[in-house]
Amino acid sequence: MSERYLTRREASEYLKQKGLPVAPTTLAKYVTVGGGPIYQSFGRMARYRPSDLDAWVQERLSAPRRNSSEAA
């Protein structure tokens, strides 16, 4: 079974349920300036696949750390 396409609001809610607050307006900004998750257009509407949102999150997350000095 193929994935369900999510609206921008649903994509935002999907990310919030994972503990990652990303507003629908932030996703809209990323469509314009880049840096956001992969999306597809259906007419004038952006649609997101959960697997693309998950991949985007993994790209943005740091490696696990024990303390802040490990980031350097």
Side-chain angles (χ1 to χ4, degrees):
M1 180 180 206
S2 64
E3 292 181 281
R4 180 177 177 269
Y5 288 93
L6 305 177
T7 65
R8 189 169 284 142
R9 185 174 304 257
E10 290 169 332
S12 172
E13 192 58 39
Y14 177 84
L15 293 169
K16 286 177 188 175
Q17 288 175 4
K18 292 181 169 283
L20 305 165
V22 180
T25 53
T26 302
L27 292 172
K29 181 182 90 171
Y30 284 141
V31 167
T32 304
V33 301
I38 292 173
Y39 72 95
Q40 292 179 278
S41 294
F42 185 75
R44 293 178 31 181
M45 301 173 290
R47 294 292 183 252
Y48 301 85
R49 292 185 310 178
S51 60
D52 291 331
L53 294 170
D54 292 337
W56 178 68
V57 165
Q58 288 305 310
E59 290 170 6
R60 294 180 53 100
L61 282 174
S62 71
R65 300 179 189 158
R66 295 191 185 278
N67 60 59
S68 60
S69 64
E70 291 181 5

Any chance you could lay out the side chain to side chain contact (heavy atoms under 4.5 Å, CB included) test for Leu53 and Val22, step after step, and finish with the verdict?
CA-CA 11 Å; Leu53 294 170; Val22 180; over 6 Å; no
To the nearest 0.5 Å, what is the distance between CZ on Arg9 and OG1 on Thr25?
10.0 Å
Would you name the heavy atoms of Tyr48 and Thr7 that are closest together and state the gap between them?
CD1-O, 4.2 Å
Sorted by first residue and then second, give each salt bridge (Lys or Arg N to Asp or Glu O under 4.0 Å) pair with at least one member in residues 13-25; sequence neighbours left out.
Lys18-Asp54
Sequence-distant partners of Arg47, side chain to side chain donor-acceptor pair (under 3.5 Å), two or more places apart:
none
With a 3.5 Å cut-off and sequence neighbours excluded, list the donor-acceptor pairs that the side chains of residues 26-44 form with protein atoms.
residue, atom, partner, partner atom, Å
Gln40, OE1, Tyr5, OH, 3.2

